Amino acid sequence: MKNLIMKVVSVALVGAMGFAIAGCGSSAKKLTVEEGKLIMATNAFFPPYEFYEGDRIVGIDQEIASEVATRLGLELEIQDIEFDSIVAGVQSGKYDIGCAGMTVTEDRLKSVNFTVSYATGIQSVIVKEDSAITDVDALISGEYVVGVQQGTTGDIYMTDEIGDDRIERFNKGADAVLALTNGQVDAVVIDDQPAQAFVDANEGLTILSTPYAIEDYAMCVNKDNEELLNKINEALNAMIADGTVAAIIEEYIPSNG
Ligand code: ARG
């Protein structure tokens with residue numbers, strides 16, 4: 001009797017599976033939001049990863065994503081949005097990928113998947129050249145106000161460390177830096193490469209030699225789209241192995257002067 005029930009159950013299961021597979025085939029799941037396109041969400045005020053050259057968005061992320069798209073036979077379309085909206089937009093299926101010098105964090109992993117990492121970032125502290133803040137400890141223990149880009153790891157870590165009252169949040173990293181030059185905040189915590197670009201573009205600023213946190217950058221992909229994640233990972237791994245990623249990074253961040 002027991003055997004019979006088992007048989008019935010397994011027959012029912014096979015039937016259900018067949019049905020599921022047939023169902024899958026008939027409404028073939030799309031690889032990307034729009035067929036033939038790879039829609040990338042970014043926040044394009046983050047040199048050298050993404051920034052405007054005229055009305056074109058260029059940079060390390062744009063070049064890497066563009067090469068990934070080519071290898072996948074897709075056309076890259078870039079949408080410039082608030083950094084803070086990227087993860088939610090990928091999660092809700094509005095964009096295929098988020099690619100924005102984005103750090104892989106445990107918290108974001110609850111909402112999206114991340115590809116293999118293609119670059120490293122270091123949270124850094126920018127101060128005025130004559131600032132009394134000489135290291136991260138001084139920044140944390142003093143009564144200083146810190147400027148950050150809303151929703152970035154710099155924001156998350158500093159809020160954790162010194163509390164809301166001493167944080168000023170800006171939509172763009174550049175606005176936080178402007179607030180620093182105006183004396184509205186005492187320091188800016190941001191990724192090392194944009195930090196360097198902002199310091200180069202503004203007189204009288206410097207980066208503390210004590211970095212704050214070392215992070216991995218990756219693209220985020222919708223959790224329900226393992227196929228796209230796997231394809232991008234395959235392309236990225238090949239681009240890492242054949243030197244394409246290193247060459248793109250070297251173009252924007254020359255390692256030896
Ligand atoms: N790496 C930081 C983070 O993931 C900052 C990234 C900001 N990127 C940008 N395109 N504005 O939170």
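A quick note: this is a predicted structure, and the numbers were derived from the prediction, not measured.
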Are Val33 and Leu38 close enough that some pair of their side-chain heavy atoms sits under 4.5 Å apart? no
Indicate yes or no for a side-chain donor-acceptor contact from Thr42 to the backbone of Ala44 under 3.5 Å, with no hydrogens or angles considered. no
So if you build clusters from Ile, Leu, Val, Met, Phe, Trp, Tyr with side-chain heavy-atom gaps below 4.5 Å, do Tyr252 and Ile57 land together? yes
Between OG of Ser66 and CG of Asp61, what distance do you get to the nearest 0.5 Å? 12.0 Å
Under a 4.5 Å side-chain heavy-atom rule over Ile, Leu, Val, Met, Phe, Trp and Tyr, are Val145 and Leu208 clustered together? no
Under 3.5 Å: donor-acceptor pair, side chain of Thr115, backbone of Ala218: no
For residues Glu227 and Leu31, determine if any side-chain heavy atom of one lies less than 4.5 Å from a side-chain heavy atom of the other. yes
For Phe45 and Tyr52, the nearest pair of non-hydrogen atoms, with its separation, is CZ-CE1, 3.9 Å
Decide side-chain contact (heavy atoms from CB on, under 4.5 Å) for Cys220 and Met102; before the verdict, give the C-alpha distance in whole Å, the side-chain angles of both, and the deciding distance to 0.1 Å. CA-CA 8 Å; Cys220 63; Met102 187 178 282; 3.9 Å; yes
Are a donor atom and an acceptor atom from the side chains of Gln149 and Asp175 found within less than 3.5 Å of each other? no
For the student: nearest non-hydrogen atoms of Pro194 and Pro48, plus distance: N-CD, 4.3 Å
When you compare the side chain of Leu139 with that of Val189, does any pair of heavy atoms fall below 4.5 Å? yes
Show every ring-ring contact (aromatic ring centres under 6.0 Å, His included) that has at least one partner inside residues 146-191, sequence neighbours left out. none
Would you say Asn171 and Gln150 are linked by a side-chain donor-acceptor pair, where the criterion is simply a distance under 3.5 Å? no
Would the distance check show the side chain of Ser131 and the main-chain N or O of Val127 forming a donor-acceptor pair, the cut-off being under 3.5 Å? no
When you look at Tyr49 and Tyr217, which way does the ring-ring contact (aromatic ring centres under 6.0 Å, His included) test go after all the steps? CA-CA 11 Å; Tyr49 289 92; Tyr217 290 169; 5.0 Å; yes
Are any non-hydrogen side-chain atoms of Val177 and Val199 less than 4.5 angstrom apart? no
Restricting to non-hydrogen atoms, name the atom on Ser111 and the atom on Val87 that form the minimum distance, rounded to 0.1 Å. CB-CG1, 3.8 Å
Apply side-chain contact (heavy atoms from CB on, under 4.5 Å) to Glu50 and Ile78, showing your working. CA-CA 10 Å; Glu50 41 267 333; Ile78 302 182; over 6 Å; no
Value rounded to 0.5 Å, distance of OG1 in Thr153 from CG in Asp107: 12.0 Å
For a 4.5 angstrom cut-off between non-hydrogen side-chain atoms, does Val146 reach Glu168? no
Side chains of Asp186 and Glu143, heavy atoms from C-beta outward: is any pair under 4.5 Å? no
Kindly indicate whether the side chain of Val90, heavy atoms from C-beta on, has any atom under 4.5 Å from the side chain of Ile97. no
Is the backbone of Gln193 close enough, under 3.5 Å, to the side chain of Asp191 for a donor and an acceptor to pair up by distance? no
Would you find more than 12 non-hydrogen atoms of other residues, nucleotides or ligands less than 6.0 Å from Glu234 atom CD? no
In Å, rounded to the nearest 0.5 Å, how long is the span from CD1 of Ile167 to OG1 of Thr159? 4.0 Å
For atom CD of Glu203, is the number of surrounding heavy atoms from other residues, nucleotides or ligands below 6.0 Å larger than 12? no
Hey, mind stepping through Arg71 and Asp242 against salt bridge (charged side-chain N to carboxylate O under 4.0 Å, His left out) and telling me if it holds? CA-CA 13 Å; Arg71 292 188 186 205; Asp242 69 16; 3.0 Å; yes
Gln79/Tyr95 under side-chain contact (heavy atoms from CB on, under 4.5 Å): CA gap, chis, key distance, verdict: CA-CA 9 Å; Gln79 300 216 8; Tyr95 314 106; 3.6 Å; yes
Is it true that Asp164 and Arg169 make a salt bridge, defined as a side-chain N closer than 4.0 Å to a carboxylate O? yes
Begin from the C-alpha positions of Asp192 and Gln196 and carry the test side chain to side chain donor-acceptor pair (under 3.5 Å) through to its verdict. CA-CA 6 Å; Asp192 57 333; Gln196 193 57 57; over 6 Å; no
For Glu82, is there any backbone N or O sitting under 3.5 Å from a side-chain donor or acceptor partner on Lys172? no
For Glu215 and Thr120, does a side-chain donor sit closer than 3.5 Å to a side-chain acceptor? no
Tell me if the aromatic rings of Phe83 and Phe46 count as close, with their centers under 6.0 Å from one another. no
Are Val104 and Ile240 connected in the hydrophobic side-chain network, where two residues link if heavy atoms are under 4.5 Å apart? no
When you measure from the side chain of Thr32 to the backbone N and O of Glu34, does any donor-acceptor pair fall under 3.5 Å? yes
Strictly below 4.0 Å, N to O, side chains only: are Glu75 and Lys37 in salt-bridge contact? no
Do the non-hydrogen side-chain atoms of Val188 and Val148 ever get within less than 4.5 Å of each other? no
Just by distance, do the side chain of Arg166 and the backbone of Tyr144 share a donor-acceptor pair under 3.5 Å? yes
Could you check whether any side-chain N or O of Asn233 sits under 3.5 Å from a backbone N or O of Val116, counting only pairs where one atom can act as donor and the other as acceptor? yes
Closest approach of Gly93 and Asn222, non-hydrogen atoms and distance? N-ND2, 3.8 Å
Between atom CE of Met219 and atom CD1 of Ile64, what is the distance when rounded to the nearest 0.5 Å? 6.5 Å
Please say yes or no: joined through hydrophobic side-chain contacts below 4.5 Å, possibly via intermediate residues, are Leu180 and Tyr212 part of one cluster? no
Check step by step if side-chain contact (heavy atoms from CB on, under 4.5 Å) holds for Ile248 and Thr244. CA-CA 6 Å; Ile248 291 171; Thr244 305; 4.1 Å; yes
Residues clustered with Ile122, ILVMFWY side-chain links under 4.5 angstrom: Ile214
Roughly how far, to the nearest 0.5 Å, is the CD atom of Gln91 from the CD1 atom of Ile86? 13.5 Å
I need the Gln123 CD to Ile156 CD1 distance, nearest 0.5 Å. 9.5 Å
I'd like to know if Tyr118 and Leu228 are part of one continuous hydrophobic network [Ile/Leu/Val/Met/Phe/Trp/Tyr, side-chain heavy atoms within less than 4.5 Å]. yes
Decide, yes or no, whether a salt bridge links Asp216 with Arg108 under the criterion of side-chain N to carboxylate O below 4.0 Å. no
